[in-house]
Trainee: 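Got a structure here, written out as structure tokens. Questions coming.
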Protein chains: 2
Amino acid sequence: MGELGDPTPAPRVRKRVASIQDVAERASVSIATVSRAVNKPHLVSVETAERVRIAIEELGYRPNRFAQVLMTQRSGLLGVALPDIHGEFYSEILRGADAEARRLGFQILVSASPAHPGEGEEAGGGLGPALGLVDGLAIMVTEPDERLLDTLRNLDVPLVVLDAHLGLGSDVVFVDQEPGSREAMRHLLELTPPQDCFFVGGPQSNFDAQARAKVFDEELRRAGHAPRPDQVTFREYSMSWGERWAHETLGVRGLRRIAVFAGNDDIAIGIMREAQALGLIVPRDLRVIGFDGSTLAGLVRPGVSTVRVPRDDLGRCAVRALVARVQNPDDDVVSLRLPTSLLLRESSGPHE
Amino acid sequence: MGELGDPTPAPRVRKRVASIQDVAERASVSIATVSRAVNKPHLVSVETAERVRIAIEELGYRPNRFAQVLMTQRSGLLGVALPDIHGEFYSEILRGADAEARRLGFQILVSASPAHPGEGEEAGGGLGPALGLVDGLAIMVTEPDERLLDTLRNLDVPLVVLDAHLGLGSDVVFVDQEPGSREAMRHLLELTPPQDCFFVGGPQSNFDAQARAKVFDEELRRAGHAPRPDQVTFREYSMSWGERWAHETLGVRGLRRIAVFAGNDDIAIGIMREAQALGLIVPRDLRVIGFDGSTLAGLVRPGVSTVRVPRDDLGRCAVRALVARVQNPDDDVVSLRLPTSLLLRESSGPHE
DNA sequence: TCCCGCCGTGAAAGCGATTACGTCTTGGTC
DNA sequence: GACCAAGACGTAATCGCTTTCACGGCGGGA
């Protein structure tokens with residue numbers, strides 16, 4: 001039961017600082033007038049306003065936000081819960097979110113929710129007790145998680161879901177994996193027969209990974225080939241997984257002239273590096289397309305073709321939607337789709 | 001004066017949710033007892049505690065954090081103000097800070113302070129009105145800024161300064177540029193005469209840039225050469241600045257067999273890319289060492305030697321120091337130094 | 001038997017703001 | 001000259017919680 005309590009009991013810390021009372025006395029008015037002078041200046045006479053202004057100045061008064069918030073029930077804080085805050089991907093979502101929030105007069109409370117909140121931990125998207133401090137929550141959920149869903153259902157603040165359709169009636173902002181993925185696959189299939197195409201994905205439980213794999217599957221069938229099990233693998237979003245896969249496939253199995261649709265750029269780069277280490281030439285022996293449009297993909301040699309994801313738009317739109325809902329709870333629920341598109345570089349070979 | 005007001009006046013939003021009152025009634029006790037049952041369970045009888053527990057459960061009660069915070073004057077929020085939240089550098093500081101905060105039961109409020117807060121904007125390190133919500137502030141300041149200093153002096157919460165000595169009597173956590181820089185310079189000077197060494201830095205006003213330039217200067221003199229003006233340049237931390245510099249120096253001026261100490265890895269990589277585009281061989285025609293220990297530096301070919309900066313330690317230690325101060329305001333002021341060290345790769349040539 | 005102290009509890013005083021409501025001037029209208 | 005609306009301001013309720021203090025009951029030592 002103690003879990004409901006104060007996070008860190010400790011002696012008080014804040015210095016004694018001027019309150020609205022002090023200002024009121026110094027300006028010889030009531031606290032109500034001070035409040036009005038500050039928030040609704042048109043309700044007080046100019047002389048009074050000036051007296052109050054001076055008193056505030058002299059006392060260095062700043063309204064106690066806690067008290068304000070207790071009255072107004074609005075903190076100006078927005079929770080943004082991401083699976084992780086590390087890496088270019090999340091970092092840019094965050095940047096977009098932060099910029100937009102700032103523009104709208106809000107502040108962001110980030111939370112890197114541990115991918116699988118351990119037993120005993122509250123879910124709540126990782127914002128522990130701070131969940132109670134936000135005016136709204138934007139949460140990105142990449143995997144199904146019943147406990148989390150439950151928490152989200154019981155939330156008493158507006159919610160925006162990023163990148164997943166959870167079936168709770170909240171607003172949703174998502175990047176549509178499909179157009180980019182399909183472009184990528186069609187491009188690969190132009191030069192490579194479907195039986196030589198591979199999908200090397202992230203964690204299988206991951207929504208995005210599934211969406212990308214689905215397109216892979218569809219396009220192969222569309223090209224008249226039902227994918228073999230070895231053509232689709234899942235593991236994790238990392239360079240080392242790419243390297244391992246390449247080692248296995250290009251090294252051990254010795255395959256050549258294949259095309260790979262990688263789950264993200266890290267994987268793609270891992271694959272390419274291993275291929276190069278094996279003495280292969282990209283894109284001659286191996287064509288590869290990544291996903292995310294990371295900076296890195298453009299810096300390695302050869303440049304890695306990739307599916308561009310509007311990362312900061314994602315953050316930006318999420319916050320915009322959230323603020324809209326916070327301010328207008330009764331607006332219609334929106335579902336915002338951000339498209340992806342293929343960005344061609346050398347790694348996937350010639351294109352015309 | 002309106003600036004003191006609510007960030008976004010708007011109708012109330014939160015659903016009506018069970019208060020401590022409701023719980024008290026349902027459990028047939030006073031609100032005092034409910035509060036005790038929740039926060040100091042040892043002060044109530046087990047039977048009462050149980051009744052309260054059940055009532056809470058049934059009502060789905062969660063204490064109103066705003067009210068709690070108003071009483072206790074502790075929000076469990078820590079402000080972390082960085083010049084930017086983008087890029088690996090800040091991203092990792094943030095990650096360290098977040099992890100540590102979470103461990104200590106706090107939550108982080110990030111703020112990407114605009115480098116130069118425009119006129120009219122409050123300084124406050126970018127956390128606008130939210131500054132009033134945090135229990136403490138960790139701020140990284142990279143450039144001198146009187147207005148900011150002033151705000152910081154008048155702060156009524158504990159402060160920790162990152163990476164700069166501002167002379168306000170606050171705790172400081174900083175990475176010591178020197179050891180790594182010195183190592184780097186000595187390494188360069190082993191194979192390259194001082195008159196052929198260059199420093200290509202970030203913004204001149206930047207503290208770090210100055211510190212690194214200082215070591216460059218010292219080591220050159222130590223090697224018996226007073227640096228010419230053209231050997232030290234400042235601009236910005238970006239790849240394109242590196243490219244421009246290299247274009248100028250290697251392309252236009254046509255210098256060869258020079259050694260560059262770059263202000264950070266981005267610059268170093270930019271220089272290297274331009275050099276390669278010019279058909280030069282690194283490290284034969286150009287030796288270069290970067291700064292930051294970024295991932296990217298290890299991924300390009302040839303690998304870029306760099307000065308490793310303990311980024312997440314920086315965030316972690318800052319938060320640790322801040323929490324310490326929040327909880328023990330009267331502890332001695334600490335100044336924590338995090339060392340840097342050289343990480344050798346191919347770009348700076350052979351070393352033995 | 002009496003007294004003291006402890007334990008469990010409730011009543012009430014804040015914390016620092018916002019705001020509904022009421023009072024008192026003023027000045028304009030008829 | 002009476003009436004009324006508008007303007008300026010004060011009183012007090014309220015937000016939801018924590019915490020001090022006082023009180024009643026009960027058990028143990030003298």
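Letters A, B, ... are given to chains in the order of the sequence lines, protein chains preceding strands, and every chain is numbered from 1. The figures that follow rest on heavy atoms only: side chains count, while hydrogens, waters and symmetry mates do not.
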Trainee: Rounding to a whole Å, what distance do you find between B:M71:CE and C:dA17:P?
Mentor: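 Result: 15 Å.
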
Trainee: Is any side-chain nitrogen or oxygen of A:N64 closer than 4.0 Å to OP1 or OP2 of C:dC15?
Mentor: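 Answer is no, no contact under 4.0 Å.
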
Trainee: Assess whether a salt bridge exists between B:R53 and B:E57, defined as any Lys/Arg side-chain N lying under 4.0 Å from an Asp/Glu carboxylate O.
Mentor: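 Yes, charged N to carboxylate O under 4.0 Å.
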
Trainee: Would you tell me if any nitrogen or oxygen in the side chain of B:T48 comes within less than 4.0 Å of OP1 or OP2 on C:dT9?
Mentor: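 Looking at the OP1 and OP2 atoms of C:dT9, one of them is under 4.0 Å from a side-chain N or O of B:T48.
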
Trainee: Nearest heavy atom decides the nucleotide; on that basis, is A:S19 or A:R36 closer to the 5' end of DNA chain C?
Mentor: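 Closer to the 5' end of DNA chain C: A:S19.
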
Trainee: From CZ of A:F66 over to C1' of C:dT18, roughly how many Å is that when rounded to an integer?
Mentor: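 So the two atoms are 17 Å apart, to the nearest Å.
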
Trainee: With a cut-off of less than 4.0 Å, is there a side-chain N or O of A:Q68 near OP1 or OP2 of C:dT18?
Mentor: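 So the side chain of A:Q68 is within the cut-off, an N or O lying under 4.0 Å from OP1 or OP2 of C:dT18.
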
Trainee: For B:E50 and C:dG8, what is the distance between atoms CD and P respectively, to the nearest whole Å?
Mentor: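 Going from B:E50 (CD) to C:dG8 (P), I get 16 Å.
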
Trainee: Compute whether any side-chain donor of one residue and acceptor of the other, for B:E47 and B:S45, lie under 3.5 angstrom apart.
Mentor: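 The criterion, which ignores hydrogens and geometry beyond distance, is satisfied for B:S45 and B:E47.
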
Trainee: Rounded to whole angstrom units, what separation is found between the NE2 atom of B:H42 and the P atom of C:dT9?
Mentor: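 The answer, rounded to whole Å, is 13 Å.
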
Trainee: Can you tell me how far C1' of D:dT14 sits from CD of A:Q73, to the nearest Å?
Mentor: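 The answer, rounded to whole Å, is 11 Å.
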
Trainee: Could you state the interatomic distance from CD1 (A:I31) to CD (A:E25), rounded to the nearest 0.5 Å?
Mentor: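 One gets 10.5 Å once the value is rounded to the nearest 0.5 Å.
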
Trainee: For a quick check, tell me whether the side chain of B:R65 and the base of D:dG16 share a donor-acceptor pair closer than 3.5 Å.
Mentor: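 Looking at the base of D:dG16, it does not pair with any donor or acceptor on the side chain of B:R65 (distance under 3.5 Å).
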
Trainee: Figure out the CG/P separation between B:L59 and D:dG16, and round it to whole Å.
Mentor: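 Answer to the nearest Å: 14 Å.
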
Trainee: Atom CD of B:Q21 to atom P of D:dT18: distance rounded to whole Å?
Mentor: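 Checked: the CD to P distance equals 13 Å.
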
Trainee: I want to verify a distance call: between D:dT19, D:dC17, C:dT18, whose nearest atom is closest to the B:A32 side chain?
Mentor: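 From the listed options, D:dT19 comes nearest.
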
Trainee: Distance check, rounded to the nearest 0.5 Å: B:F174 atom CZ versus B:L336 atom CG?
Mentor: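 Those atoms lie 8.0 Å apart.
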
Trainee: To the side chain of A:L70, which of D:dC17, C:dT9, D:dC15 is closest?
Mentor: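 Closest nucleotide to the A:L70 side chain: D:dC15.
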
Trainee: Would the number of heavy atoms belonging to other residues, nucleotides or ligands and lying under 6.0 Å from CD of B:E58 be above 12?
Mentor: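 Check passes, neighbour count above 12.
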
Trainee: Just the rounded figure in Å: distance from P of C:dT9 to CG of B:L43.
Mentor: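 Nearest whole value for this atom pair: 10 Å.
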
Trainee: At less than 4.0 Å, is any side-chain N or O atom of B:K40 found next to OP1 or OP2 of D:dT18? Yes or no.
Mentor: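 So the side-chain polar atoms of B:K40 never come under 4.0 Å of the phosphate oxygens OP1 or OP2 of D:dT18.
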
Trainee: Find the distance between CD1 (A:I108) and CD (A:E100) and round it off to the nearest 0.5 Å.
Mentor: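 It comes to 9.5 Å.
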
Trainee: Applying a 4.0 Å non-hydrogen cut-off, can you work out what B:S35 is touching in the nucleic acid: base, sugar-phosphate, or nothing?
Mentor: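 Base contact.
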
Trainee: When all nucleic acid strands are considered with a 4.0 Å heavy-atom cut-off, which category describes A:V69: base, sugar-phosphate, or nothing?
Mentor: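 It contacts nothing in the nucleic acid.
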
Trainee: B:T33 side chain N/O closer than 4.0 Å to the phosphate oxygens (OP1, OP2) of C:dG8?
Mentor: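 No.
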
Trainee: With a cut-off of less than 4.0 Å, is there a side-chain N or O of A:S30 near OP1 or OP2 of D:dG10?
Mentor: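 Checking A:S30 against D:dG10: at least one side-chain N or O falls below 4.0 Å of OP1 or OP2.
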
Trainee: Between C:dT9, D:dA8, C:dA17, which one does the side chain of B:S45 approach most closely?
Mentor: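 Of C:dT9, D:dA8, C:dA17, C:dT9 is nearest to the side chain of B:S45.
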
Trainee: Using only side-chain N and O atoms of B:T72, determine if any of them is under 4.0 Å from OP1 or OP2 of D:dC17.
Mentor: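 For D:dC17, neither OP1 nor OP2 has a side-chain N or O of B:T72 closer than 4.0 Å.
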
Trainee: So which one's nearest nucleotide on DNA chain D is more toward 5', A:E47 or A:I31?
Mentor: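 Closest to the 5' end, via its nearest nucleotide, is A:E47.
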
